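Index from 1, following the sequence. Computed from a predicted structure; not experimentally measured.
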Amino acid sequence: MARPRGTSKPTQVGENRWRIRITCADGKRRSRNVTGSRQDAALALAQWQQAEEARSDEIGARTLDGAVPIPGTFAEVADAWWQRRSPEISPSTRSSWASGMRIYVLPHWGETALHKIDVEAIEDWYDELHVEQQLGADRIRTLRGLLVGILDLAVRRRFIAGNPARVAHAPKARSRRPSPPSPGEVRALLDATTEDRAFHAFLTLAATTGARRSELCALRWCDLDLANGEVTIRDSVTSGNGEGAHLRDRTKTGHDRRIGLGTSAVRAVERWRDIAQDEAERMGTELHPVGFIWPQVDPKVAYGSRPVHPDTMSYRFRQAALEAGVADTVRLYDLRHFAATQMIAGGIDPRTVAGRLGHARPDTTMRVYAAWLPARDRAAADLLDQLVY
């Protein structure tokens with residue numbers, strides 16, 4: 001069987017629009033349009049040629065051996081990829097990916113033959129998701145990640161020669177600018193929760209450490225060194241839709257970190273510890289060192305043996321924000337932004353800020369919170385001015 005042939009060069013048919021032509025494995029000559037640069041079109045042409053060559057080999061294998069070496073549809077590879085990948089991810093990520101697969105990916109691509117998935121078809125799908133179904137760029141890029149992963153597996157198993165999802169352009173996700181609450185709003189939140197010692201301590205640590213919600217929920221009493229004003233963050237709690245709280249023996253970045261606590265944070269935790277000891281005694285037990293500081297209250301299990309669900313703390317935060325008169329746009333996660341921006345505005349060096357927040361690298365901190373750097377630019381200008389004059 002003759003190998004498929006492509007044109008020597010893509011033909012430009014409009015602004016950032018190119019046409020590529022090829023003789024396919026079935027002998028028919030076909031053309032496609034590609035959006036992007038000349039290099040994108042040339043790469044798409046090369047991948048199309050490779051895919052058709054693989055398909056030609058497949059057809060030949062069917063004829064000679066009577067066997068089909070390549071799965072018939074995308075869904076078959078997707079199932080193999082999911083069985084391999086899903087045990088490796090957190091419950092919350094698994095829940096998000098599963099809904100994306102069920103609602104968007106499989107209904108569109110499930111019955112499609114692998115060799116028919118090309119760059120143009122993928123970009124048309126992105127346009128449909130963005131324009132007709134009004135999905136945001138972030139969600140579409142999540143779906144793109146699923147498509148890339150599944151087709152990467154198809155490439156590794158030599159079902160297709162190249163991965164068109166890696167070439168296709170998805171809508172660009174816009175980075176969200178942090179919107180931290182003001183110091184006055186944080187004080188109002190803390191004032192509104194003084195009677196609830198447990199949640200008051202939780203909010204105090206959230207605002208003064210910058211730790212993630214999932215990390216705070218995973219704290220145990222043995223992680224605290226109140227005498228020296230320190231806490232060690234080593235675990236996290238994840239949540240999936242309807243799957244409950246799950247403890248992970250690592251943080252988001254996989255690294256433990258020891259950070260200092262201010263006097264207010266130490267006092268808030270000490271007050272909650274006294275009340276927690278009383279609660280444990282009423283339940284016929286004691287406050288165990290490995291027990292969770294903020295436990296899930298369940299009479300069927302030992303006190304402190306299960307961590308509180310992160311969504312429970314977010315719900316309590318919304319109630320506290322309503323009582324304190326804080327804008328309903330402020331989220332529990334924004335206390336992390338509050339801690340970061342206040343440290344940067346206060347002149348704390350980026351490496352220290354990154355270490356306290358648990359960022360793997362300081363440049364991540366600088367990229368996320370770059371908008372707050374001008375707050376220190378005036379201080380830098382005044383300092384240099386004083387040195388010169």
Side-chain angles (χ1 to χ4, degrees), residues 180-237 247 249-253 255-280 287-295 304 307-308 310 313-314 316-317 320 332-360 362 365 369:
S182 67
E185 289 177 315
V186 173
R187 285 193 292 269
L189 283 165
L190 294 175
D191 290 342
T193 58
T194 51
E195 298 301 319
D196 184 349
R197 292 299 186 189
F199 194 57
H200 182 79
F202 185 91
L203 286 185
T204 302
L205 260 64
T208 59
T209 65
R212 301 175 179 89
R213 177 187 74 161
S214 61
E215 296 169 340
L216 293 173
C217 290
L219 285 179
R220 304 173 187 265
W221 291 109
C222 59
D223 295 327
L224 291 171
D225 181 359
L226 296 181
N228 294 310
E230 293 181 335
V231 61
T232 301
I233 297 175
R234 62 180 96 245
D235 302 322
S236 61
V237 175
L247 183 68
D249 59 351
R250 61 186 179 87
T251 63
K252 182 177 180 179
T253 56
H255 300 291
D256 298 354
R257 64 186 189 278
R258 181 185 293 271
I259 58 179
L261 297 176
T263 302
S264 298
V266 170
R267 288 176 179 172
V269 174
E270 287 177 335
R271 294 190 189 103
W272 163 232
R273 183 181 59 185
D274 293 340
I275 296 175
Q277 285 175 336
D278 293 339
E279 287 190 9
L287 216 58
H288 199 280
V290 298
F292 293 99
I293 298 176
W294 293 282
V308 67
M313 304 312 263
S314 292
R316 293 172 70 177
F317 178 86
L332 175 56
Y333 190 83
D334 291 327
L335 292 182
R336 178 172 168 83
H337 293 324
F338 167 80
T341 55
Q342 292 301 317
M343 284 189 285
I344 291 174
I348 305 300
D349 67 274
R351 184 173 294 278
T352 300
V353 176
R356 197 167 180 84
L357 296 178
H359 285 159
T365 308
Y369 298 104

Chemist: Kindly say whether L190 contributes a backbone atom to a donor-acceptor pair with the side chain of H200 at under 3.5 angstrom?
Modeler: yes
Chemist: Any side-chain heavy atom of V231 sitting closer than 4.5 Å to one from V269?
Modeler: no
Chemist: If you measure only the distance, is there a donor-acceptor pair under 3.5 Å linking the side chains of R213 and S314?
Modeler: yes
Chemist: Begin from the C-alpha positions of L332 and L203 and carry the test side-chain contact (heavy atoms from CB on, under 4.5 Å) through to its verdict.
Modeler: CA-CA 9 Å; L332 175 56; L203 286 185; 4.0 Å; yes
Chemist: Do you know the tightest heavy-atom contact between A201 and A268?
Modeler: CB-O, 3.6 Å
Chemist: If you apply the rule side-chain contact (heavy atoms from CB on, under 4.5 Å), what do you find for W294 with V237, and how did you get there?
Modeler: CA-CA 12 Å; W294 293 282; V237 175; over 6 Å; no
Chemist: Kindly give the heavy-atom pair with the smallest separation between R356 and R257, and that separation in Å.
Modeler: O-NE, 3.2 Å
Chemist: Output all residues satisfying side-chain contact (heavy atoms from CB on, under 4.5 Å) with D274, sequence neighbours left out; order by chain, then residue number.
Modeler: Q277
Chemist: In the structure I gave you, are the side-chain heavy atoms of F292 and C217 within less than 4.5 Å of one another anywhere?
Modeler: no
Chemist: On a heavy-atom basis, which atom in F199 and which in A320 lie closest, and how many Å separate them?
Modeler: CE2-CB, 4.1 Å
Chemist: Classify the ring geometry of Y333 against H337: parallel below 30°, tilted from 30° to 60°, perpendicular beyond 60°.
Modeler: perpendicular
Chemist: What is the distance from atom NE2 of H288 to atom SG of C222, rounded to the nearest 0.5 Å?
Modeler: 9.0 Å
Chemist: Please find the pair of heavy atoms, one from P183 and one from Q342, that lie closest to each other, and give the distance.
Modeler: CG-NE2, 4.0 Å
Chemist: Compare all side-chain heavy atoms of W272 with those of T204 and state whether any distance is below 4.5 angstrom.
Modeler: no
Chemist: Give the minimum heavy-atom separation between G210 and L357, together with the two atoms involved.
Modeler: O-CD2, 3.7 Å
Chemist: For the residue pair A218 and D223, what are the closest heavy atoms and their distance?
Modeler: O-OD2, 4.2 Å
Chemist: Nearest 0.5 Å, please: how far is OG in S236 from CG in L216?
Modeler: 11.0 Å
Chemist: I need the I259 CD1 to I233 CD1 distance, nearest 0.5 Å.
Modeler: 4.0 Å
Chemist: Rounded to the nearest 0.5 Å, how far apart are OG1 of T365 and CZ of R351?
Modeler: 10.0 Å
Chemist: Is the shortest heavy-atom distance from the side chain of E215 to the side chain of T209 under 4.5 Å?
Modeler: no
Chemist: Can you measure from CG (D334) to CZ (F317) and round to the nearest 0.5 angstrom?
Modeler: 7.0 Å
Chemist: Is there side-chain contact between L261 and L224, with at least one heavy-atom pair below 4.5 Å?
Modeler: yes
Chemist: Which is it for R316 and T193 under the side-chain contact (heavy atoms from CB on, under 4.5 Å) test, yes or no, and what are the steps along the way?
Modeler: CA-CA 10 Å; R316 293 172 70 177; T193 58; over 6 Å; no
Chemist: Distance check, rounded to the nearest 0.5 Å: M343 atom CE versus Y369 atom OH?
Modeler: 8.5 Å
Chemist: Do you see a donor-acceptor pair shorter than 3.5 Å between the side chains of T352 and D349?
Modeler: yes
Chemist: Pick from D278, L226, I293: which one makes a side chain to side chain contact (heavy atoms under 4.5 Å, CB included) with R273?
Modeler: L226
